[in-house]
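In what follows, a structure is listed as C-alpha cells, so that the remarks can point back to it.
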Amino acid sequence: MTETEGKFDFAIDRGGTFTDVFARLPDGRERVLKLLSHDPQNYKDAPTEGIRRVLEEETGQAFPREQPVETSLIGWIRMGTTVATNALLERQGERIALLVTKGFKDLLHIGTQARPKLFDLEVAVPDVLYEEVIEVDERVVLRQDGCQLPRKEPKQTPPIQVCSTGDSLEVWRELDMQRVEDDLRGVLSRGIHSLAVLLLHSYTWSAHEKAVGSLARRLGFTQVSLSSEVMPMVRAVPRGYTVCADAYLTPKIRQYLKGFTSGFRGGLEGTSVLFMQSDGGLTPMEQFCGSRAVLSGPAGGVVGYAITSYSQIENKPVIGFDMGGTSTDVSRYAGHYEHVFEATTAGVTLQAPQLDINTVAAGGGSRLFFRSGMFVVGPESAGAHPGPSCYRKGGPLTVTDANLALGRLLPSFFPRIFGPGEDEPLSSEETMEHFQQLTREINHFLSTNQSQSSANGSAHSNNSREVAMGFIRVANEAMCRPIRALTQAKGHDTSQHVLACFGGAGGQHACAIAQALGMKTVFIHKYSGVLSAYGLALADVVEEVQEPCSLQYNPRSFSELDHRVEQLTQRCTETLRDRCFSSSQITTEVFLHLRYEKTDCALMVTATGYPGNSRSCKSGDFRSAFTKRYLQEFGFTIPDRPIMVDDIRVRGSGKSGIKSVTNTKMGSGILKATMCYFEDGYLDTSVYLWEELPCDHNIPGPAIIIDKNSTILVEPSCVAHLTEGGDVCIAVGSDPHCLLGIELNTVQLSIFSHRFMSIAEQMGRVLQRTSISTNIKERLDFSCAVFGPDGGLVSNAPHIPVHLGAMQETVQYQIKSIGSTIKEGDVILSNHPCAGGSHLPDLTVITPVFRRGVSGPVFFVASRGHHADIGGITPGSMPPHSTSLQQEGAVFTSFKLVTAGVFQEEAVTEALMAPAQYPDCSGTRNLHDNLSDLRAQVAANQRGSTLVGELIDSYGLAVVQAYMGYIQTNAELAVRDMLKEFARCQRQQTGSLEVEAEDFMDDGTPIRLRVQINKNEGSAVFDFTGTGTEVWGNCNAPRAITFSALIYCLRCMVGQDIPLNQGCLTPIKVIIPSGSILQPSQNAAVVGGNVLTSQRVVDVIFRAFEVCAASQGCMNNVTFGNEGSGYYETVAGGAGAGPGWTGRSGVHSHMTNTRITDPEILEKRYPVVLEHFSLRPGSGGAGEYRGGDGVIRKLLFRNKVVLSVLTERRSTRPYGLHGGGCGASGLNQLHRADGRVLNLGAKTTVSLEPGDMFCLYTPGGGGYGEDKQTAGDGRLLKKRRRLNDNFSERGSVFEYRMAQEGV
C-alpha cells in the first residue's frame, strides 16, 4: 500500500458531540475541519458532510448534499468512531440471545459477584446485553492427572480430545444438535437474529461452538459470534462479556457502515476505507467488529500524541492528557503502546487488546459543588444540554465556567452558537451571577462554623474569583491522581515525563498540572484540537492473531513455541499482503503472555531488545524480558519458579501512515492584552493567535494562545516556544508556593484531602509491587492508611469495608500501651482483637513518622494485609470450628517488627511458629511469604512516611496537622448533617428521636441496638446493650469490627463521597457491653465475627434507621483442600430491596465485595468440577420491590479433600421492611457419591470422597414495601436514567481500584 498521489486523503474522528476531519490535499497541503456529529436539519452523516465540504471548497466543483459523493478524487478514508461506545453506554445495540453451557445461564449476570460501587445500596449495575438465554446440555472437562472420580458406567470412557493449548479434555456430554436447533428456531421466531455462543473451555477446544455456529448461520442468524473466535483466552466470564458485546455491537456497526457508504457513489467500492480499533491499529472496514471498536475514538488521539510528541522531546516518556467536556483521558507512551487485555466499559468487561486509556470524571463540563465545607468537582457533568451556565440554557456551574470567570476563556473568540436560539455569545454575566450566589453560600458556611474553621477565631471571606480559582485547583488535583497512579503503578517517576496535551479543554490546565506533578515540559501539537483525527492519518494497519497456550517456558518447549509463533506470523503476514502491503512495509512483533507458576499476575511480554540466543526460543529471549519487566513493576523476581505461557500473540503492522509537512510561518506578535486571574490576583496577560505566530518564537507567561479549536494558558512561571513545525512546547517553571496559614482555606481543604488520599494510594502501590503472596499481590487484600499523632484516621485506601476504622483502633491501642517507648526506626506489628485487630490473618504494620525537633510522632502510617496462613488448627488460619484465639494462628499485640531500623527476622519467625505449641495446631505453613509480605508492608509504610515528610517540607508541620483536623471535621459535618435530617423526618413521622432494632445469629444470639439522636447537635448514641454474650465458637466480633460496620453504614446513609476518617465517628458515642459477642474476652475465637457477625451488625443498624431490607447477611465462606492444594472463596447472595429499587441478585453486599474465581480457572487449577452456578429463583423476599435472589453453586470433587463451610442465615431469614417479605434462608447440602443427601448445617468441616458434590444455596435479600401491582415501567425508567447519567470510568487505574474494593 503506497501513499495516494493527486487525490484527497481523509482521516475523520466521529465523536459524540463533534466530528473532526483532517484532509491531505493533492498538492500536499493539509486542512482541518470540525463540525457537529448530529445536525439532521443540514446533513445525514457528519463524516460524509466533512468530505463533501472539503472536496467542494478545494475543487470549486459542486457536490450537492442530496447526491452521493463522487469517489474518483478520494485516495483513502480512515475513521475512528464512538458508534460502538455510545451503543454500549446507552444499551442501544442489536437484540441478541446467549447460548451457554447448561447450568450457567446466569453466569454473566453474576459476573465477578462484586458490586461496582461499594457504598451504593441499590447496586445499580448496567443490564446484561442479551435478551434471551439458551442452555445447551453439553459439557467438556479438562483432564487432570490423578483424578479419582468414579465412573457411573465403568466400561464407558468419555471421549478424549487434544486441545489447542496442549491440554487434553474429556467430553462428558455431547451436543444434542436437534435440541439446539429447536431452541434456535424459537429464538428466530421471536425476532432475534444475533447470537452469542459461550461454552466452557471453548478457548482451548472449540468443536462444540463451531458446530453451533454452523447450525445458527444455516438457520438464518445474521450475526453469530463464537467466544472461541472472538477472543480465545481462558476465563469464561470476560470471554462471555466480550462475545456478547461482539454480537450486540457488530450489527450496529454494519448498519452505520451501510449508511456511511451509501453516501458515496458506488458505495466506496475500490476506495481504501480503514477504521481504528481499540488497540491503536487500523483495520479494513469489512473487518471492523464490535468487540474491538469500543475505544475506536480515543485510540486515534493516543496514536497522534505518541507519534508527534515522543520523537520530538528526546524520546522522553509521554503522558497523554485529553481533556474533553465530560471526562479526561490519560495514557502513557514510552516508545511502545501500552495495552491492557481486559478492561471494563459501561459495565461490560471486554477481553481484547485495548490501549490503556484511563478515563476520569473531570472535564470542562464537570459540575462544581460545595459540600460540608469542601470544594467538590464532578463526577456529575452538565452534558451538552443544558451545558455549563455560560451556555445560556440554565445549566449549572462547571469547570468551563470557572475558567471563564477567571478570564482564561475569551467569549469574543467563541462562535455565537449559545442560548435557546443558538445565536448568542458565551455569557460571562450568567457565570458570575452563579459564582456570586455560591460564594455567598460558602462565606455563610464559614461564618457559622468559625469555631472549627479558624484557630484564630476569624475565617477568611472569599470573593467569587477566589472561589472559581479554588475549583480550578481542585479539578487539577483530581486529574493529577490518576496520572500519578498510572506511572507509579509500573515503577515510573511521574516527573520524568512530558505532558502531551490535546482536546478542547486541556490547554487551560496543562501548565498547572505539569507543575503539580513536577514535570518540566508540556507539548501541544498544532493539530491538538483534532489530534484524534490526525492520529488516524499517522497510524498503521494492524492485524493481530492470538491463541491460548499451556506450556512452560523452558528448553523442552522452545521448538513447539517456535513452530506456533512461525504459523501465527505467517497468518499475519499473508493477511497484510492480501491488503496490498509489500514485504518491506510489513513488520511483526511476537508477544508471550507469561506468569510465574501458581500466580495470576500475567504480563504480555515482547522480546524487542532481547534477541534470541542458545538459551531461548528463536523469536527472542523472553525470560530476560519477562524478569526485567517483572522486577520493574513488582520490585522482585522468583528465580526458582517456572514461567508459564498462557497465550501466544503476534501483532503485524503495515506501515501506511503519512509524514507530516512542516510549514514555516511568519506572523505578527501580540493580538491584544487582557486581565487573567491567578494565585496572585489579576495579571496582565498577552493574547496571541496561534496561526499568526512565527516559528521559534518565545512567549513568556502569563499568556493565552488561541486557535480555532482550543485555548492554551501559559502560566506566569512558564515560557512557551513555537517549534519549526508550528507546535507549542512549554518549559514549565516551578510553582511559586504561596504561604499557607493554619486557618481554614476551603480550597486547600479539598486539595489536602486529595493529597492525603494520594499518600495512602501510593503506599498501596508499593505494597502490591513488593509483596509476594497471592492474597496481597493479586487479590489486593490489603489497605493502607495515614493517622494523626493521636492515632485518629486521616485517610484510608482502598475502602475495604471490614478495615474501615478498624486500623484506627489498632494505632490508638499502641499509643496507649507503648507510646512512650516508640522510637524513630521502630515499626510495630499487631493483630490481636483486643488491640484493634479484625481477625488474626490480618496483620497490621505501624510506622511512626518523626520530625526533627518534635519529641513524639507527628503522624503514623500503617498497612494491614491478609496473610494466607499464620498457623492454627487448619490451613488458611480460618477454621470454622475454632473455640479459642490460639487455634486461629499466631498472635501479636505490640510486637516490635523493626527496632532501630533492623528487621527482627528471628523474633518474628519464632512468633509465627509459636502456635505449634498448642494441641492440634501448627505454626505458619508459609513462613517465606509471611516474611516477604511483612517486609513489603514495612516498605509501603516507609513510602508513606517519606510522602508525609515531603508534605510537611512543603507546607510546615502546623499547617499539615491543621488541615488533617479540618478534613476530619469535614467528615464529621457530613455525618452530623445526615443525622439532623434523619432526626427531623423521624420527629415528624413518629414524634420520637429514638430508634431501635434487633436481629439474631443462627444460634439465637441477639444483637440489639438502640439509637438516641440529638437533633440540634447532629449526634447520636449507638447503644448495643442487650446484645448476647460471647459465644462458644468463633462468631465473636472484636470491638473494631463494630466500628468498621458503623462507618460503612454512616457512609451509605450520607449518600455522597466524604473522607472516611475518624471524623465520621466524632458525633457518635458507641456503647458495647463487655463480655458480649461484640466485645468478647481476650482469648475468644473471632474468625467468624469478622466475616459473619459484621454483616449482622450492618443489618441491625440499617433496620433501626429503616434504610433498606436486609441483604443475605452472610459471606458464605467455603474452603477445601488436601496435601496438594488449598482453595478459599466467598459466595454471593441476594441484596436487600429499598425505597425505589429492587434488590440485586447474585452479588456480594455490605462488609464484603470479594470477586469469585472464574469457572475455567477453578477447574484448571483445582480438583473440582463446577457443575452449576446460577441464581436461585424465588429466594428474594416479596414486596413492592423484591429482594435479590441468592445463588446456587454445586462443586463436584475429583479427589479426596477436606471441606470447611463457615456460614450464617441458615436458620434465620433476611428481614423485609415496610411490609416486604423475608428473603429465603441459605442451605448447605452434601450429595454423597453413593446417593445420600446430607444437610451440613451452617458451620462444619467434613472429609469428602471423589464423586461427592457440595451444593450451596445462598440466602436471598429481603423485600421492601407491601406486595402490590406497581408501575414497573416507571421504576425501570428511573433506574436506566440513573445509569446513563452516571459517569463511566475505565482504564487500568480504575480496574486496580475495582479489584481492591473487590476484596
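Atoms considered below: every heavy atom in the structure, side chains included; atoms not considered: hydrogens, waters and symmetry mates.
At least one side-chain heavy atom of Ile12 sits under 4.5 Å from a side-chain heavy atom of Thr19. Contact annotation: the side chain of Gln223 never approaches that of Glu94 to less than 4.5 Å [non-hydrogen atoms, C-beta and beyond]. Side-chain contact check for His336 versus Thr608: every heavy-atom pair is 4.5 Å or farther apart. The closest side-chain heavy-atom distance from Val187 to Leu195 is not below 4.5 Å. Using a 4.5 Å cut-off on side-chain heavy atoms (C-beta onward), Phe22 and Leu538 make no contact. Inter-residue side-chain proximity for Tyr333 and Val302 is flagged as unmet; no heavy-atom pair is nearer than 4.5 Å. At a threshold of 4.5 Å between non-hydrogen side-chain atoms, the residues Val728 and Leu722 count as touching. No side-chain heavy atom of Leu531 sits under 4.5 Å from any side-chain heavy atom of Asp322.
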Q.
Quick one, Leu592 with Ile648, criterion side chain to side chain contact (heavy atoms under 4.5 Å, CB included). Give me CA distance, side-chain angles, the key distance, then yes/no.
A. CA-CA 5 Å; Leu592 298 183; Ile648 305 169; 4.0 Å; yes
Q. Given Leu88 and Leu129, is the side chain to side chain contact (heavy atoms under 4.5 Å, CB included) satisfied, shown in steps?
A. CA-CA 9 Å; Leu88 200 58; Leu129 301 180; 4.1 Å; yes
Q: Show your reasoning for whether side chain to side chain contact (heavy atoms under 4.5 Å, CB included) applies to Val348 and Cys244.
A: CA-CA 9 Å; Val348 178; Cys244 284; over 6 Å; no
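Contacts of Phe264 classified as ring pair (Phe, Tyr, Trp, His ring centres under 6.0 Å), with partners at least two apart in sequence or in another chain: Phe260. Under the salt bridge (charged side-chain N to carboxylate O under 4.0 Å, His left out) criterion, Glu209 pairs with no residue at all, not counting sequence neighbours. Taking the salt bridge (charged side-chain N to carboxylate O under 4.0 Å, His left out) definition, one finds that Arg239 meets it with Glu1160, sequence neighbours left out. For Tyr248, the ring pair (Phe, Tyr, Trp, His ring centres under 6.0 Å) test picks out no residue, with sequence neighbours left out.
Taking each heavy atom of Gly725 and Lys526 in turn, the nearest pair found is O-CD, 3.3 Å. The minimum heavy-atom distance between Ile77 and Ile74, with the atom names listed, is CG1-CG2, 3.8 Å. Shortest non-hydrogen contact noted between Ala87 and Leu249 is CB-CD2, 3.7 Å. The minimum heavy-atom distance linking Leu576 with Gly652 is given by the pair CD1-C, 3.7 Å. When all heavy atoms of Ala533 and Asp20 are compared, the pair lying nearest together is CB-O, 3.6 Å. Looking at every heavy atom in both residues, Val650 comes nearest to Cys572 through O-SG, 3.6 Å.
Using modelled atom types and a 3.5 Å distance limit, the side chains of Ser583 and Arg577 yield a donor-acceptor pair. Side chains of Thr308 and Tyr534: a donor-acceptor N/O pair is absent below 3.5 angstrom, by distance only.
The list of side-chain hydrogen bond (donor to acceptor under 3.5 Å, both in side chains) pairs with a residue in residues 43-56, not counting sequence neighbours, reads Asp45-Thr48, Asp45-Tyr256, Glu49-Arg52, Glu49-Arg53, Glu49-Arg65, Arg52-Glu56.
The structure places CE of Met604 at 4.5 Å from NE2 of His593, a figure rounded to the nearest 0.5 Å. Of the inter-residue distances, the one linking Ile319 atom CD1 with Leu499 atom CG reads 7.5 Å to the nearest 0.5 angstrom. How far CD of Glu70 is from OG1 of Thr59: 11.0 Å, rounded to the nearest 0.5 Å. With values rounded to the nearest 0.5 angstrom, Thr587 atom OG1 is found 4.5 Å from Lys655 atom NZ. For the atom pair CG (Asp329) and CZ (Phe321), the distance works out to 10.0 Å, reported to the nearest 0.5 Å. How far CD of Gln570 is from CG of Leu568: 10.0 Å, rounded to the nearest 0.5 Å.
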Residues 278-296 side chain polar contacts: donor-acceptor under 3.5 Å, at least two apart:
| from | atom 1 | to | atom 2 | distance (Å) |
| --- | --- | --- | --- | --- |
| Ser278 | OG | Arg292 | O | 3.2 |
| Ser278 | OG | Val294 | N | 3.3 |
| Ser278 | OG | Leu295 | N | 2.9 |
| Asp279 | OD1 | Gly281 | N | 3.0 |
| Asp279 | OD2 | Arg651 | NH1 | 3.2 |
| Ser291 | OG | Asp246 | OD1 | 3.0 |
| Ser296 | OG | Thr81 | N | 3.0 |
| Ser296 | OG | Met276 | O | 2.8 |

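Remark: Arg649 does not engage Asp647 in a salt bridge, criterion side-chain N to carboxylate O under 4.0 Å.
Judged by distance alone, with hydrogens and angles left aside, the side-chain atoms of Arg78 form a donor-acceptor pair with the main-chain N or O of Leu536 at under 3.5 Å. A donor-acceptor pair under 3.5 Å links the side-chain atoms of Ser194 to the main chain of Ala247, judged by distance alone.
A 6.0 Å sphere centred on CD of Glu66 holds more than 12 heavy atoms belonging to other residues, nucleotides or ligands.
Here the options are Ser528, Ser532, Ser331, the test is side-chain hydrogen bond (donor to acceptor under 3.5 Å, both in side chains), and the partner is Tyr305; only Ser331 passes.
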